[in-house]
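First up is the structure itself, then whatever we jot down about it.
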Amino acid sequence: MKAFFRAILVVVIIVGLAFVVWRNRWPQPTSASGRVWDGYTLYGIDPQSAALIRYEFSSGNLNTVGTVHTSSISRLAGIEGSAYFPGFQNIFGFWTDPSDDLTKLAYINIQTAEAVLIGNNLGRGRITGATAVAPPDAAGYTVYAVQVTEPISFAIDSGKVIPSQSFAAGVTVLGAAISAGGAYDVPVTLKVRVNSSEIAPFGLFTLPVDANVNDGHNPRPYALPSNYPAGSAISIVARSWLLNSGVTGTSNSDWHAHLTVDSLTGSPQVLTLRNGDPVPNIAPFLNQSSIAYYVRDYVDPLTNTIALKDNQAIYLFELGTTDLTSSAADFQDLVVLVTLAEDLATLNSQMIAAQGTLSGSVHLNPNNAPNNEFTLIKPDGTVISRDDLLEGAP
C-alpha cells in the first residue's frame with residue numbers, strides 16, 4: 001500500500017536519534033575563545049529505549065536524563081518525531097500507542113523525562129519528523145510534523161472483509177435494481193454483521209416496505225456506530241421479497257421473502273471487488289442498469305478496472321435467481337460499498353466528504369413503539385435519541 005504524508009516536513013535533521021534540539025539560553029552566548037556552541041544543550045530521544053539524552057557543549061558531558069514515561073506508563077518507546085521551541089521546559093514528542101496504534105502527543109519535561117499525554121489522538125500512522133518554528137510577527141509558535149500512514153489493510157475471505165487492525169466501518173448502498181419479470185419492483189432489505197453483532201442500517205431487515213433500498217433513492221450511506229477490534233469480520237446479508245396475491249404491496253405484510261443471501265457463507269451469489277479488479281461484464285436483465293453504471297464513480301476508465309481506495313470493497317448481490325447461468329443473474333440487485341477507517345471521526349469525515357451533507361426536518365411520533373423510535377448518530381459517535389429532544393432540549 002502506498003503511504004502518504006498528512007503534513008509538510010519543514011526541517012528534518014537526522015543524527016541517529018529520533019530528535020535533536022538546540023536549547024538556546026538567551027541572550028546569545030559569547031566567550032573569549034569564540035566557542036559559539038558553549039551555552040547550548042543538545043537533546044535526543046532514543047526510539048528503542050525511550051532514553052532522553054542530554055549533551056552539554058560547554059563541558060562535553062553526555063548523560064541520560066531518564067526514560068521518557070508518564071505517571072502510568074513506564075516507557076514511551078517508539079518516539080521518532082519530536083520538536084522543541086528554544087527556552088521552553090518541554091519537548092513535544094509524538095508517540096504511537098501500541099494498545100490502539102494511534103499516535104498521541106506527549107509533553108515531555110526536559111529535566112525529569114516525565115511526559116503527559118495531551119489532546120486527542122492524532123490518528124493512525126507514525127510521525128517520523130517534526131520541528132517547531134515561531135512565525136514572523138506572531139505570538140507563540142507552530143509545530144510542523146510528518147505523519148506517514150497506510151490505509152487499513154484487510155483480507156477478503158470469501159464474502160467477509162477482515163481488517164488487520166482496529167477499525168470503524170461504513171456501508172453505502174450504491175444502487176439496487178430487481179423486478180419481478182417487469183411486473184413490479186422487488187423490495188430489497190439488508191443488514192450488516194460484524195462478527196455476531198447485527199446492524200440494520202436502513203430499517204429492520206424483516207420490513208420490506210419500511211426498509212426497502214430498491215426505491216431509487218441511492219446512494220445512501222451509513223456509518224456503523226462503534227469501533228471494532230482487529231480481526232473482526234464484516235459481512236452483509238441481503239433479502240429480496242415477492243408480492244403476495246390479491247394485495248396492493250403498501251403494507252409490510254403484503255410481501256414474503258424470496259431469496260436471502262449471506263456473504264458470510266461465501267455464497268456464489270455474492271461477488272466482492274477491491275481496487276484493481278476488472279469490472280464484471282454482465283448484461284443487465286430486462287434493460288436495467290448494469291454493474292458498470294452503479295460502480296461508475298469507482299472505475300478507472302483507461303483500464304476498466306475498479307478504482308477504490310485501499311480501505312474499500314464493493315459487494316455485488318444476485319437476489320433474483322439461484323441459476324447463475326440464467327440471463328436474470330446480473331449481480332446488480334444490490335451493490336454495496338464498504339469503507340474502513342481508523343476511528344469513527346475519520347470515517348464520518350470521509351463519508352461526508354464523499355456524499356455531501358443532508359438537511360431537512362423530521363416529524364417525531366411521540367410514542368415508544370420500536371418502529372417509531374428516533375436515533376441520530378453524530379460524527380463523534382455519540383447518539384441523540386427521541387428522549388433528548390423532548391421538552392425542547394437543545
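One-based numbering along the sequence shown.
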From [X] atom [atom1] to [Y] atom [atom2], the distance as rounded to the nearest 0.5 Å:
X    : Y    : atom1 : atom2 : value
L337 : D297 : CG    : CG    : 10.5 Å
I234 : F167 : CD1   : CZ    : 4.0 Å
I178 : L319 : CD1   : CG    : 5.5 Å
L316 : Q332 : CG    : CD    : 9.5 Å
R274 : Q312 : CZ    : CD    : 11.0 Å
T103 : I127 : OG1   : CD1   : 5.5 Å

Would you please say whether a donor-acceptor pair under 3.5 Å links the side chains of [X] and [Y]?
X    : Y    : value
N195 : S197 : no
S267 : T265 : no
S99  : D97  : yes
R239 : T189 : no

Looking only at heavy atoms, what is the nearest atom pair of [X] and [Y], with distance?
X    : Y    : answer
L273 : D277 : CA-OD2, 3.5 Å
A50  : R75  : CB-CG, 3.5 Å
F205 : V237 : CE1-O, 3.6 Å
F154 : P163 : CB-CA, 3.7 Å
D300 : L302 : OD1-N, 3.0 Å
P225 : Y222 : CD-OH, 3.8 Å

Can you list the residues that meet the side chain to side chain contact (heavy atoms under 4.5 Å, CB included) rule with L324, with sequence neighbours excluded?
P268, Q269, E318, A329, F331

Would you please test L190 and V173 for side-chain contact (heavy atoms from CB on, under 4.5 Å) and show each step?
CA-CA 10 Å; L190 73 122; V173 176; 3.8 Å; yes

V336 and T172: CA distance, side-chain angles, deciding distance, side-chain contact (heavy atoms from CB on, under 4.5 Å) verdict:
CA-CA 6 Å; V336 181; T172 302; over 6 Å; no

So that I know where these two stand, are F92 and Y84 an aromatic pair - ring centroids less than 6.0 Å apart?
no

Parallel, tilted or perpendicular: which describes the rings of F317 and Y315, with under 30° parallel and over 60° perpendicular?
tilted

Are [X] and [Y] side-chain neighbours, meaning at least one heavy-atom pair lies under 4.5 Å?
X    : Y    : result
W95  : T70  : no
N90  : V116 : no
V209 : T250 : no
N227 : S166 : no
V143 : L105 : no
T305 : V299 : no
Y43  : R54  : yes
I291 : D330 : no

Pair N252-L204, side-chain contact (heavy atoms from CB on, under 4.5 Å): steps then yes or no
CA-CA 11 Å; N252 290 304; L204 294 181; over 6 Å; no

Treating Ile, Leu, Val, Met, Phe, Trp and Tyr as nodes and any side-chain heavy-atom pair under 4.5 angstrom as an edge, say whether [X] and [Y] lie in one connected cluster.
X    : Y    : result
F202 : V194 : yes
I162 : V270 : no
I79  : I110 : yes
V186 : L243 : yes
L122 : I73  : yes

Keeping the roles fixed (side chain from N275, backbone from K309), state whether a donor-acceptor pair exists under 3.5 Å.
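Side chain of N275 to backbone of K309, a donor-acceptor pair under 3.5 Å: no, none is there.
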
I'd like to know if the side chain of S240 reaches the main chain of L259, judged simply by a donor and an acceptor atom lying under 3.5 Å from each other, with no hydrogens or angles considered.
yes

Is it the case that over 12 heavy atoms from other parts of the model lie below 6.0 angstrom from the CG atom of N63?
yes

If you count every heavy atom of other residues, nucleotides or ligands that lies below 6.0 Å from N287 atom CG, does the total exceed 12?
no

Checking side chain to side chain contact (heavy atoms under 4.5 Å, CB included) against T339, which of V171, L347, L308 comes through?
L347

Listed by chain and number, what are the ring-ring contact (aromatic ring centres under 6.0 Å, His included) partners of Y293, not counting sequence neighbours?
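Testing Y293 for ring-ring contact (aromatic ring centres under 6.0 Å, His included), a comparison that skips the adjacent residues, returns none.
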
Stepwise, does the side-chain contact (heavy atoms from CB on, under 4.5 Å) test hold for L174 with N218?
CA-CA 6 Å; L174 299 180; N218 297 310; over 6 Å; no

Apart from F285 itself, its cluster of hydrophobic side chains linked below 4.5 Å comprises L286

